[in-house]
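All chains are named by letter (A, B, ...) in the order of the sequence lines, taking the proteins before the strands, and each is independently numbered beginning at 1. Computed over heavy atoms, backbone and side chain alike; hydrogens, waters and symmetry mates excluded.
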Amino acid sequence: MNDAPEPAEEKEETLFAAPPIAEQERMVEAILFASSEPVSLREMEERMPHGCDPAEALVHLRKRYEGRGVRVVKVGDAWAIRTAPDLGFLMQKETVEERKLSRAAIETLAIIAYHQPVTRAEIEEIRGVAVSRGTIDQLLEMEWIRFGRRRMTPGRPVTFVVTQGFLDHFSLESARDLPGLKELRAAGLLDSRPLPGASEEGDEDEDEPQVGQSELFED
Amino acid sequence: MNDAPEPAEEKEETLFAAPPIAEQERMVEAILFASSEPVSLREMEERMPHGCDPAEALVHLRKRYEGRGVRVVKVGDAWAIRTAPDLGFLMQKETVEERKLSRAAIETLAIIAYHQPVTRAEIEEIRGVAVSRGTIDQLLEMEWIRFGRRRMTPGRPVTFVVTQGFLDHFSLESARDLPGLKELRAAGLLDSRPLPGASEEGDEDEDEPQVGQSELFED
Amino acid sequence: MAEPENLFEAQSVADRLQAESLIVDVEGFEGPLDLLLTLSRTQKVDLRKISVLQLAEQYLAFVERAKLLRIELAADYLVMAAWLAFLKSRLLLPPDPEAEGPSAEDMAAHLAFQLERLQAMREAAAQLMARDRLGRDTFARGISEEVARVRKVTYSASLMELMQAYARIRTRDEFRPYAFDRTNVFTLEEALDRMRGLIGFAGDWSELTTFLPEGWSSDPKRRRSATAATFAASLEMAKQGQIEIRQSDTFQPISIRKKT
């Protein structure tokens, strides 16, 4: 604090002399810390004892905070203490909220899982409704699907495939582990009996995904 | 933590290793500076990168601010930066006029602080007069007291304890640091001593406060 | 603190004047114990050496004087007066071996303890209020930075939901004509058949509701029937040791998983 030892005769003048610069630095520090707004040199001077030189104290204070978690910064013609910019991330607190996936998203995801690699047009054909950009984006953002190879057909549409993250989430070793339609039906997941005469068609469907998958998962 | 210089191959692990302690100190500094309320170790940990040890960083930080214009203070389980008390005169302009506390409120507050957890009946027993609803309300509103656990006696009366805000306001690290606490306890003045051979009421309550106090204040 | 005891700081003031100012200030007292504490100062001794008998007499004299001056005293003060009168008589009379309850000395000692404790709390309160106070002596950060709450949303879906979604799409066309042919009763046998098949795919805890058959969850009547049957089936399967059931609390969702 008191860097330079004060000569004895100055002691008596303490009442009138300005405090040592180290003390002034403490004062400026406290003022800047406690003020709700940046403080100008003039305001500091008004609040500090007579004869103080806040500008000089600031030079020292500023130096002291160099490289620290907070800095002394000039705001217009006033001064303030602010968080070091590289630590801004500490001023955030993350809260995690879990939500159920929408029906459109889970259906789209299921189709991609069973039919990968699959184009958007194919997804829409299977679902029978348009797939919104938002749904695809959401699944991409969640990193449950990613872009696959482009299909070698006119327009070279992109395809979608599921990711390792998807497999991890659903505890699957590979998308091939997903039960096929036959198994789903055997398991009672498909309630309805196929329409008379519709069975063959259904059978064909069951195989289709396998073709797609083998294409993808061939190692 | 990372006192020793790290071998080159560890560099790659930087993403997962905790930052050096000097960096953690900066982080704690930024967090404490940014908050007007005390921040708990747990909250610091949540906001800092994985593996950080804010308690250790605080030891360094506290030392760094010794003798400065602001200080690192402990408030219950939390930490805060506060201006040095000798510089209060600089800040008078910031003072917000505090609601005047009645004598009854001040005494009630002291009784709660020294006897906590304490029931309203016990406060009344000590003061020899009824405690008005308004007094308790005012202290609750100022967030200097809060409800503690109910006493396990007939009627299960609520108890009152002091808050972190109380500790913060009176520059106390913990309720153990209340002025004169040891002497009062040694003199038996914090005992709940019922009128000898007296009424039912006293008998039920008598032992519990002692339990509470020893639980709280015993080191 | 606003201190009526300041009246007694100047100990040279005549007792009579003191007593009168007490009466004038009676409303400034915080109850009989406070009054007793103030009166005790006139004894100019340590509270531990206080003469309770003398104090009782002072108090009773005070109450008498108040009566003469037709000052209404609150009931608390009168109750204390009655108690002190009783204590006084007990202290003056030789102890009665037949008497029940605490001895006069114990009662007197307790009163002295109460006074000492109240005095101690007052001093503690004064010390407390004299500490460095936030907003007066120490100050908090003037500009506090709000900690931004970053809300991160994660989505969840179970394998069961995924499979059901796929089955729903693939069977949509076949399914519709049949859904309405059914009665609104889902039998336990049907539920058991269904659950036995399904449980093989549901490795982890799955909510019971996810096992409801397709098309049985929107119509309340059908949902009730299906829920009841599925629940009964799950109990049956648990009994047979095929599955485990859990429920975290009353009315919370019931989950089941295959017993491994």
* About how many Å separate CG of C:Asp137 and CZ of B:Phe170, when rounded to the nearest 0.5 Å? -> 11.0 Å

* Asked: Atom CD of B:Glu125 and atom CD of C:Gln114: how far apart are they, to the nearest 0.5 Å?
  -> 5.0 Å

* Asked: Can you say whether C:Arg141 sits under 4.5 Å from chain B via the side chain, the backbone, both, or neither, judging by heavy atoms?
  -> both

* Asked: Crowded around B:Tyr65 OH? As in, over 12 foreign heavy atoms under 6.0 Å?
  -> yes

* Around atom CD of C:Gln127, are there more than 12 heavy atoms of other residues, nucleotides or ligands at under 6.0 Å? -> yes

* To do: Nearest 0.5 Å please: distance from the CZ atom of C:Arg117 over to the CG atom of B:Leu184.
  => 11.5 Å

* Mind listing the closest non-hydrogen atom pair of B:Leu189 and C:Phe113 along with its distance? => CD2-CE1, 4.1 Å

* Asked: Which salt bridge (charged side-chain N to carboxylate O under 4.0 Å, His left out) pairs, counting each pair once, include a residue from residues 129-138 of chain B, with sequence neighbours left out?
  -> B:Arg133-B:Asp137

* Flag the one option from B:Gly128, B:Ala110, B:Ala34 with the top tally of heavy-atom pairs under 4.5 Å to chain C. => B:Ala34

* Asked: Between the main-chain N or O of C:Leu118 and the side-chain N or O of B:Arg127, is there a donor-acceptor pair closer than 3.5 Å?
  -> no

* To do: Report yes if some heavy atom in the side chain of B:Ser171 is under 4.5 Å from a heavy atom in the side chain of C:Thr138; otherwise report no.
  => yes

* Mind checking whether C:Arg131 and B:His169 have side chains closer than 4.5 Å, heavy atoms only? -> no

* For residues B:Leu190 and C:Met121, determine if any side-chain heavy atom of one lies less than 4.5 Å from a side-chain heavy atom of the other. => yes

* Taking the side chain as C-beta and beyond, is there a heavy-atom pair between C:Leu128 and B:Leu172 under 4.5 Å? -> yes

* Contact winner vs chain B - C:Pro32, C:Ala124, C:Ala120, heavy-atom pairs under 4.5 Å -> C:Ala124

* To do: Select all residues of residues 77-85 of chain B having any heavy atom within less than 4.5 Å of some heavy atom of chain C, and report them by number, or 'none'.
  => B:Ile81, B:Arg82, B:Thr83, B:Ala84, B:Pro85

* Structure fact -> One option among B:Ala104, B:Ser35, B:Gly180 has the most heavy-atom pairs under 4.5 Å with chain C, and it is B:Ala104

* Which pair of heavy atoms, one from C:Leu33 and one from B:Ile126, lies closest together, and at what distance? -> CD2-O, 3.6 Å

* Carboxylate-amine/guanidinium contact C:Arg133 B:Asp168, below 4.0 Å -> no

